Amino acid sequence: MSPAAAIQNILDGGGDLPVLPEMAGRILEEIRSPDASAARLAEFVKKDPVLASSVLRVANSALYGGRIEITDLAYAMTRIGLNQVRNLVMATLLRSRMADPEVYGPRGPMLMDHCLAVAFGAQLVADATGQPTDEAFLCGLLHDFGKLALVKALREARGLRQGELPEEDLALVDVHHPAAGGMLAEEWGLPEIVALVTRQHHRLEHAQEAQAMTAVVAFADGMAHRLGLGVAPKDDLDLAAHPAVAIIRLPQATIDDLLENLPGLCEIAGAALKGTPQG
Ligand SMILES: [Fe+2]
Ligand SMILES: [Fe+2]
């Protein structure tokens, strides 16, 4: 199959999309149910010790500012909230299972770091502009996942096991990743807004629905590019001129604060998710 045909196949719904890790699927299902409970969710999470210790570590980290050490998983979940647990589970599982260079190429791990940075960035921007922070995190996390889906399909089409895809393929990934990411979000049963924002994140000016949330994620993406989080830094990127600023009204002082806070937040979150001790 040619690279262009492999992409078309994905966009037509005929290709193999990356599979949502089983544990993440079960947790999403539990959280969607009307009687979701922290106790039942804790039972699921306990079955994966790495995941369980990751949730505890994050709940105890500076992100949540707790002074008393939490050792009980169900209690940790009530402290940070069920939606936040869903987000951390998604981030932890996707990070550990979807950065395989044989499947996603040498840039897979960087792409995952970029998605995490945009997730935490979107959470900060949402908090500063009165948008729902849990949703912002999930939309930010998934915004470039279409790239992973397309890179996987293209590597399979070319029978590539190591090394990078040719430039012409990467250009196709750049063009088509919002559509592929939207399909992935639907396939995984994520809240509707995730697919919507993912599809619109590079054409904010044409966003019809969820314009404010799309602006939150597009701006967080801009911050990650400016700061070089999982991508090459663009020092001259003028964020005050970003089209999101007119939609979610970000004064210069807020932009400066966000730029100052995001790298530290990514560091704390990255360490907590990876399991390296925090200094
Ligand atoms: Fe993108
Ligand atoms: Fe991005």
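Residue numbers count from 1 along this sequence. Keep in mind that what you see is a predicted model, and the values were worked out from it rather than measured. When reading the values below, keep in mind they use all heavy atoms of this one structure, side chains included, and skip hydrogens, waters and symmetry mates. Counting starts at 1 for both ligands and their atoms, in listed order.
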Please lay out, stage by stage, how E156 and K152 fare under the test salt bridge (charged side-chain N to carboxylate O under 4.0 Å, His left out). CA-CA 6 Å; E156 282 167 8; K152 176 174 180 280; 3.4 Å; yes
Need the atom name: nearest N/O/S atom of H202 to the Fe ion (ligand 1). NE2
Vertex the Fe ion (ligand 2), rays to NE2 in H143 and NE2 in H114 - rounded to 10°: 90°
Any N, O or S atom of H225 closer than 2.8 Å to the Fe ion (ligand 2): no
Suppose we call two aromatic rings close when their centres sit under 6.0 Å apart. Are H242 and H225 close by that rule? no
Same cluster or not: are M110 and F120 linked, directly or through other Ile, Leu, Val, Met, Phe, Trp or Tyr residues, by side-chain heavy atoms under 4.5 angstrom apart? no
Name whichever N, O or S atom of D221 ends up nearest to the Fe ion (ligand 2). OD1
I'd like to know if the Fe ion (ligand 2) has an N/O/S atom from H201 within less than 2.8 Å of it, counting both backbone and side-chain atoms. no
Report yes if the side chains of L138 and R86 come closer than 4.5 Å at any heavy-atom pair, otherwise no. yes
Measuring to the Fe ion (ligand 1), does D144 have an N/O/S atom at a distance below 2.8 Å? yes
SB check K147 D174 (cutoff 4.0 Å): yes
